[in-house]
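Worth knowing before you read on, the calculation uses all heavy atoms, side chains too, and leaves out hydrogens, waters and symmetry mates. Because the structure is a prediction, the values reported are computed rather than measured.
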Amino acid sequence: AAMPGLLLGDEAPNFEADTTQGRIRFHDFLGDSWGILFSHPRDFTPVCTTELGRAAKLAAEFSKRNVKMIALSIDSVQDHLSWCKVQGWGRVHGVLALLPCSKGQGRRPLRTPHRLGATNLISQKTQSRKVFIFGPDKKLKLSILYPATTGRNFDEILRVVDSLQLTAYKKVATPVDWKPGDSVMVVPTLPDEEAKKLFPKGVFTKDLPSGKKYLRYTPQP
């Protein structure tokens with residue numbers, strides 16, 4: 001059976017919702033930017049609070065990468081506004097929109113955030129944290145699922161954003177443990193002659209026991 005929710009390459013749902021930054025339509029909110037949507041089990045939880053603070057502290061890093069952030073939990077906009085006032089993290093309101101996935105006190109999930117994992121926010125058995133990264137084309141580029149007891153690694157989120165943006169515009173892939181500035185791999189579909197023209201800094205092939213020449217590296221373009 002097919003898994004519910006969004007798959008890589010799917011278009012983001014163009015939901016409309018009230019947030020801490022006013023009413024938005026998701027596609028308009030993203031505009032020509034990349035976007036990250038974080039789901040949270042609920043407001044005022046310990047792990048989520050540390051993540052919210054980390055997102056605020058890294059706001060400039062996401063901004064220079066043209067990334068907008070938005071978060072989702074089951075609580076109300078009023079609760080979100082109070083949560084944003086956690087001591088030392090008052091900047092959150094200006095850099096991270098928070099939206100509810102429920103209507104009123106009954107906490108009935110909004111229809112569209114259901115596709116973004118809202119069901120997992122309500123059931124204690126499947127409570128989780130999700131990360132969705134969308135490109136300027138509004139399509140899902142990456143999703144990561146964390147259990148509720150494990151906080152997200154924002155250094156890794158920044159790293160994958162750098163990889164996604166680089167590989168979206170250059171015919172390269174990033175190898176294991178890649179960091180910005182490291183060498184990258186030439187995609188297998190690119191012929192050698194074309195690779196030499198595209199990457200004037202040189203293409204270097206790693207020798208393998210098989211004798212096959214498919215591990216081709218080049219300095220990051």
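Considering only residues two or more places apart in sequence or on other chains, D182 meets the side-chain contact (heavy atoms from CB on, under 4.5 Å) condition with W178, K179. Scored by the side-chain contact (heavy atoms from CB on, under 4.5 Å) test, R65 finds E61, V67, L158, V161, D162, Q165 as partners (sequence neighbours excluded). Scored by the ring-ring contact (aromatic ring centres under 6.0 Å, His included) test, F154 finds F38 as partners (sequence neighbours excluded). Listed by chain and residue number, I133, I144, V160, L164 satisfy the side-chain contact (heavy atoms from CB on, under 4.5 Å) test with L142 (two or more places apart in sequence, or in another chain). For K196, the side-chain contact (heavy atoms from CB on, under 4.5 Å) partners two or more places apart in sequence, or in a different chain, are E193.
The two atoms that bring T218 and G202 nearest to each other are OG1-O, 2.7 Å, heavy atoms only. Of all heavy-atom pairs between P219 and S183, the closest is CA-OG, 4.2 Å. For S143 against L140, the heavy-atom pair with the smallest separation is CB-CD2, 4.3 Å. Here the shortest heavy-atom pairing between F134 and A12 reads CE2-CB, 3.4 Å. N66 and S33 get closest at one heavy-atom pair: OD1-OG, 3.0 Å.
Using modelled atom types, one side-chain atom of T167 and one backbone atom of S163 make a donor-acceptor pair closer than 3.5 Å. Within the 3.5 Å criterion, the main-chain N or O of G181 finds a donor-acceptor partner in the side chain of Q220. Looking only at distances, a side-chain donor or acceptor of R152 sits under 3.5 Å from a matching main-chain atom of K130. Between the side chain of K138 and the main chain of P136, a donor-acceptor pair closer than 3.5 Å is present.
Atoms CZ and CG, on R25 and L30 in that order, are 13.0 Å from each other to the nearest 0.5 Å. Rounded to the nearest 0.5 Å, atoms CZ (F29) and CG (L37) are 9.0 Å apart. With rounding to the nearest 0.5 Å, the separation of OG1 in T189 from CD in E194 is 8.5 Å. Atom CG in L58 sits 10.5 Å away from atom NZ in K64 (nearest 0.5 Å).
A distance below 6.0 Å separates the ring centres of F15 and F26.
The side chain to side chain donor-acceptor pair (under 3.5 Å) pairs that include a residue from residues 200-212 are D207-K213, where partners are two or more places apart or lie in different chains.
The closest side-chain heavy-atom distance from V184 to Y217 is not below 4.5 Å. In this structure, Y169 and P221 have side chains that are not in contact, with every pair of non-hydrogen atoms separated by 4.5 Å or more. Here the side chains of I36 and I70 are not in contact, with every heavy-atom distance at 4.5 Å or above. At least one side-chain heavy atom of L215 sits less than 4.5 Å from a side-chain heavy atom of M185.
Between R54 and D155 there is a salt bridge, with a side-chain nitrogen of the basic residue lying less than 4.0 Å from a carboxylate oxygen of the acidic one. Using a cutoff of 4.0 Å between basic side-chain nitrogens and carboxylate oxygens, K139 and E11 are not scored as salt-bridged.
In D177, the CG atom is not crowded: 12 or fewer heavy atoms of neighbouring residues, nucleotides or ligands sit closer than 6.0 Å. By the neighbour-count criterion of 12 heavy atoms within 6.0 Å, atom NZ of K171 is sparsely surrounded, having that number or fewer from other residues, nucleotides or ligands.
There is a path of hydrophobic side-chain contacts, each under 4.5 Å, that joins V187 to L166.
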